[in-house]
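Below: one structure, written as structure tokens.
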Amino acid sequence: MQNLLHNLNEEQLAAVTLPPQSALILAGAGSGKTRVLTTRIAWLIQTGQVSPSGILAVTFTNKAAKEMLTRLSAMLPINTRGMWIGTFHGLCNRLLRTHHRDAALPQTFQILDTQDQLSAIKRLIKAHNVDDEKFPPKEVMYFINGAKDQGLRADKIDAYNADERKKVELYQLYDEQCQREGVVDFAELLLRSYELLSRNQPLREHYQQRFRHILVDEFQDTNDLQYKWLKLLAGVPGQHGSALFAVGDDDQSIYAFRGANVGNMSAFEREFQVKNLIKLEQNYRSHGHILDAANQLISNNSKRLGKNLRTDAGQGEPVRVYEASSDLAEAQWIVEETKNLIADGAERREIAVLYRSNAQSRVIEHALFSAGIPYHVYGGLRYFQRAEVKHAIAYLQLMDNPHNDSAFLRVVNFPTRGIGLRSIEALQAAADQYGISLYAAVPHVAGKAGSSLAGFVRLIEGARFETQQMALPELVRVVLEHSGLLTHYQTEKEGADRIENLEQMVSAATQFVSEEGYGQGAPAHLGPAAQAQSGAAVINQDGIEILDADAPLPAVMSPLSAFLSHASLEAGDNQATVGQDAVQMMTVHSAKGLEFNNVFITGLEEGLFPHESSSREHDGVEEERRLMYVAITRARQRLYMCFAQTRMLHGQTRYNMKSRFFDELPEESLKWLSAKVQSHWFASPKSAWDAAPVLGSDNAIAQKIAHKSAGSGWRIGESVQHAKFGEGVIVNIEGSGPSARAQINFGNVGMKVLDLSIAKLERI
DNA sequence: GCTCTGGTAGTTTTT
DNA sequence: CTACCAGAGC
């Protein structure tokens, strides 16, 4: 045990060894948050305060859950089985599988990912003849998910106008459709298990008594429903309730747009009468100047729990700031600095280029590519989201649950087998008439359409029969061939990659089976009933003995069902180029949780970062500031910030002011690499030639702009100061001489057109 | 049933 | 500017 606590600092030690009561750990960036979380669990078990099965630890991402598990098994000699460690969705999936009867779900219910959900909603809207112009499927989806994330069913929503009422009605219809098909979306996993536990007292009490310690990672990212779910499981504090150990950082709350509610932190503190609030402020990641910048910036936010990072590392290097003439010049500068870093011995994987929105990556990618520097862009399609993989999954889904209409429609005619729109319409009509699934309605369709549909059903039934005794990987292989997918892509000229992805599914299944503790040869279809033996018994409301969802996966789900859950809940990696040493490019959002020796924060311009849409949202700029805080704290040693005077966006050249965040950073921690005076290179057409850093197209832009400004004395792109409107950037100039007028972007104040001979402008 | 074209929209993301 | 989608046309 000495060993366990041995390298902790005072704050960390205090957090790890807190008494078994609710606690809130304010963990700053790079303060050893995961370490505290895992050591806490290990310490609780090692000191005999709780058995592994009394632990529930929940995260948002699979990555974080895995990381925790790995670290724990390194710390503890015992195996981690019996502990519940996973994502909210993963744990809910497990609960619902085990208690599917009580949750009113089929044992083989399937999970819709976002794509599936959207297509299900499109289908619903069509089926009910709803105008999709007035009710765009995406909007309906946000509405439904938003409601579910707050824990609201359709009948609990107050609608104040006809449009709202229509959406509520669609929500209701959508839920009914899902229920009919035996599918649940991501939010439903949470809501359904919440309802299961709140409705079923014995079950709730069983889990409440079991999980003495509930630990939550990234608590600031929880939405209302997740918090309610946690409260339900924890029980009433003080009255046999379990100890809720919440770790989070309000300054890194950047997911309000998807329902996260930072307010949960203070709500938790209040509702659980938290006496144990510990701040982890010792930072082990960044040098002083970087932390100074982060601290100063975030101090501009008003709603904070309060926290200041400190480090024992020295001040290190100042933050390097660069003003580029254009987005291309900015990219070129990044390339030059990257080359320098690499020349000085930096690893490429230790260089990160961060941007606010994905659209910004193109120019930078292009520049890196031209310079021959390997790079890796985060994001993009994940393995299980690729079209060909989704097709294969749809076949598997139909074998496990044929009433999944989404899966049915996806592959009933792919590869093509002569089942066109007319056949589907006839089938849909039959399904509607009897209130059954498309699959079940096939026998009710007569004629030619009926026989080709019947052929499809035979294909699925045949595959199921043939694979009855097969292990999962073998089953996958058979389905790939049986379905005709492999043949289909073999005849397609661009199909090589797709075939490779399909083949990869067999190895994915092999890996899955061995990792999840299924016997290598366990029949993929074999249901849990045959395998379930272990696990504590608990009595449900009807007095029937049921299984505790504590049992290993094989006791809860068949290998096939489990694999399908896995495909939905863990979409896999996005690109194959993981291993190579490459510059890392990503949005600031996806950089959260990562760290690099060298970081570029790019596009620091008003409108981009902070993003223009943020000024419209409630507390939007504060969220953008937290985002900036996250960006800064990714850097260990060297941090670059840059922005461009002109930028191509949506096919138009935009002229933005530098980000307001520059004004919120300590001057002494910054080192301006470019002259701080703006538009120096616009001064005359001549100087534009030699002052503009490299790229030819810059000169082209410079020339154009220089031309346009002729005679007015002012130039496009120039920053100006106005007595009333404050700081602005000249966006356009019309006319010349005394009648010249300039269009000026004053940021928050807005766009103004000013008469240059009248307005009193100053250069800044 | 597939390809072409025109229209449109265009932060951030995990499950 | 470009990527995606829907509907028309072959």
Side-chain angles (χ1 to χ4, degrees), chain A residues 58-65 86-93 111-119 122 126 132-133 136-138 142 145 148-149 184-191 193 217-218 221-223 225-226 252-260 327 354-363 366 378-382 384-385 387 413-424 488 492 565-572 574 586-593 603 607-617 620 623-624 626-628 630-631 647-654:
Chain A
V58 58
T59 64
F60 279 87
T61 65
N62 293 297
K63 199 176 156 207
T87 62
F88 278 103
H89 296 86
L91 298 177
C92 287
N93 181 40
I111 301 164
L112 302 181
D113 66 19
T114 314
Q115 285 176 40
D116 302 332
Q117 188 187 17
L118 186 63
S119 62
K122 281 183 183 166
K126 276 224 178 74
D132 62 356
E133 302 265 286
K138 272 225 176 80
Y142 293 148
N145 290 342
K148 288 192 181 184
D149 284 344
V184 299
D185 57 55
F186 287 133
E188 182 73 20
L189 283 172
L190 262 299
L191 184 49
S193 57
D217 190 20
E218 306 277 20
D221 288 339
T222 52
N223 63 33
L225 178 56
Q226 285 158 341
Q252 291 190 71
S253 161
I254 57 174
Y255 285 115
F257 70 91
R258 65 176 196 208
D327 48 350
L354 311 184
Y355 34 83
R356 173 66 241 266
S357 60
N358 288 302
Q360 289 166 250
S361 75
R362 294 183 68 93
V363 215
H366 184 77
Y378 274 60
L381 266 198
R382 318 263 229 106
F384 282 111
Q385 297 180 24
N413 198 33
F414 191 93
T416 47
R417 40 180 77 90
I419 299 171
L421 212 65
R422 292 165 303 282
S423 309
I424 296 302
H488 172 84
E492 204 177 61
S565 297
H566 169 80
S568 301
L569 292 177
E570 202 166 343
N574 61 60
M586 65 194 84
T587 62
V588 181
H589 280 93
S590 33
K592 190 173 157 216
L608 250 195
F609 200 179
H611 198 274
E612 56 196 348
S613 53
S614 70
S615 57
R616 275 174 252 131
E617 283 154 31
E623 174 121 337
E624 294 287 305
R626 292 192 289 268
L627 197 52
M628 180 67 181
V630 167
R647 180 177 297 275
M648 229 11 191
L649 199 66
H650 306 326
Q652 277 186 320
T653 308
R654 308 198 354 168

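Atoms considered below: every heavy atom in the structure, side chains included; atoms not considered: hydrogens, waters and symmetry mates. Bear in mind the structure is a predicted one, so any value in this text is a computation, not a measurement. Chain letters run A, B, ... following the sequence lines, proteins first and then strands; every chain starts at 1.
Residues passing the side-chain hydrogen bond (donor to acceptor under 3.5 Å, both in side chains) test with Ser193(A) are Trp229(A), sequence neighbours excluded. Qualifying side-chain hydrogen bond (donor to acceptor under 3.5 Å, both in side chains) partners for Thr114(A), counting only residues two or more places apart in sequence or in other chains: none. Listed by chain and number, the residues in a side-chain hydrogen bond (donor to acceptor under 3.5 Å, both in side chains) with Asn358(A) amount to none (sequence neighbours excluded). With sequence neighbours excluded, the residues satisfying ring-ring contact (aromatic ring centres under 6.0 Å, His included) with His89(A) are Phe186(A). With sequence neighbours excluded, the residues satisfying side-chain hydrogen bond (donor to acceptor under 3.5 Å, both in side chains) with Ser590(A) are Thr587(A). With sequence neighbours excluded, the residues forming a ring-ring contact (aromatic ring centres under 6.0 Å, His included) with His488(A) are Phe414(A), listed by chain and number. Every residue two or more places apart in sequence or in another chain that forms a ring-ring contact (aromatic ring centres under 6.0 Å, His included) with Phe257(A) is listed here: Tyr255(A), His589(A).
In 5' to 3' order, the nucleotides of DNA chain C bounding all contacts with chain A (an atom under 4.0 Å from a heavy atom) are dC1(C) to dA6(C).
Asp221(A) has a carboxylate O that lies under 4.0 Å from a charged side-chain N of Lys592(A), or vice versa, which qualifies the two as a salt bridge.
At the heavy-atom level, Ile419(A) lies under 4.0 Å from the strands shown only through sugar-phosphate atoms. Counting any heavy atom pair closer than 4.0 Å across all strands shown, Lys122(A) reaches sugar-phosphate atoms only and no base atom.
Look at the P atom in both dA3(C) and dT12(B): the space between them is 14 Å, to the nearest Å. Taking atom C1' on both nucleotides, dT13(B) is separated from dT2(C) by 22 Å, rounded to a whole Å.
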**Message:** Within the 4.0 Å limit for protein heavy atoms, which parts of nucleotides 9-15 of chain B are touched? Write it as a string from 5' to 3', B for base, S for sugar-phosphate only, - for none.
**Reply:** -BBBBBB
